[in-house]
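Atoms within each ligand, like the ligands themselves, are counted from 1 in listed order.
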Amino acid sequence: MLYIGCHLASSKGYKAMGTQAVDINANTFAFFTRNPRGGNAKSLNMKDIEAFLEISREHSFGKLVAHAPYTMNACAADENIRRFARETMADDIQRLEATPGNYYNFHPGSHVKQGADVGIELIADQLNTVLRADQTTTVLLETMAGKGSEMGRSFEELREIINRTEHSEKLGVCLDTCHVWDAGYDVVNNFDGVMEEFDRIIGLERLKAVHLNDSLNPLGAHKDRHAKIGEGFIGADAIIRIINSRYLKGLPFILETPNDIDGYAKEIEFLRKNYSE
Ligand code: FE
Ligand code: FE
Ligand code: ZN
């Protein structure tokens, strides 16, 4: 079964996202838990959530991959920014219990001149404050392109964060194909080698979701600019090999390509056509 979807706007609620996913032949999706610029999340509407869960069961959706606001920086130098990150994550994790057992993906953060070691400590501190033994959501560290002082640019950095996290059983990794390519992992010519390295350093059991994107830049560019499938340096052939990889069977694939909803529908159709069970 190929679980594939894209980012959907959450402003109209869960049921609207579920209906839109079905319309474009998606069976998973991503959404921002609140305005990406931060601010308060809307209060939960349990009737809306019930209606969504019904759609999700009826259409056998895979796990959802909620996305934390990208302005959240767990390893900022400024204590106020770190507090905002902690409070936002704690609140999001609590709210996500209304739709139990899904994923919550976040960008580990930028260490802004404090150095990667301090960055790792601060990110683990946040996770140690926020993660709860009884939560059903798995929190995913996203692999990053390594733009500026961005953390998560290597599998080793993610491993260090996991090592320092007490409730590491609540942690997984979301592999962003554009980001790892930009970070220097050659997913075009040696995808199996990248997966073997992931397994050696992090462990494949931690790999829970994939952000499926082409990249506007060449290998190792550390830029992070997404392209439509087949319109970047990764290319359609490599992306088709990735969705069919034996290492990624059953994982949710989320498109974050620069598209409107019709563009997403076309990419989903193209990828389904090129997937073999
Ligand atoms: Fe992201
Ligand atoms: Fe991503
Ligand atoms: Zn990106």
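Taking the ring centre of Tyr103 as origin, the terminal cationic atom of Lys208 falls outside the region bounded by 6.0 Å and 45° from the ring axis.
Side-chain atoms of Glu267 and Asn259 form a donor-acceptor pair, as typed in the model, at a separation below 3.5 Å.
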Evaluate the criterion side chain to side chain donor-acceptor pair (under 3.5 Å) for residue pair Asp182 and Ser215; output intermediate values, then yes/no.
CA-CA 8 Å; Asp182 279 32; Ser215 173; 2.7 Å; yes
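Residues in residues 105-164 take part in these ring-ring contact (aromatic ring centres under 6.0 Å, His included) pairs, two or more places apart or across chains: His67-His107, Phe155-Tyr185, Phe155-Phe198.
Put simply, His226 gets within reach of the Zn ion (ligand 3), with an N, O or S atom under 2.8 Å from it. With 2.8 Å as the limit, His179 counts as an N, O or S neighbour of the Zn ion (ligand 3).
Contact check for Arg82 versus Asp125: no side-chain heavy atoms found under the 4.5 Å cut-off.
Minimum-distance N/O/S atom of Asp224 relative to the Zn ion (ligand 3): OD1.
Taking CD1 of Ile234 as the reference point, atom CZ of Arg241 lies at 11.0 Å (rounded to 0.5 Å).
Around the Fe ion (ligand 1), protein N, O or S atoms at less than 2.8 Å number 3.
Without hydrogens or angle criteria, Asn128 side chain to Glu166 main chain gives a donor-acceptor distance under 3.5 Å.
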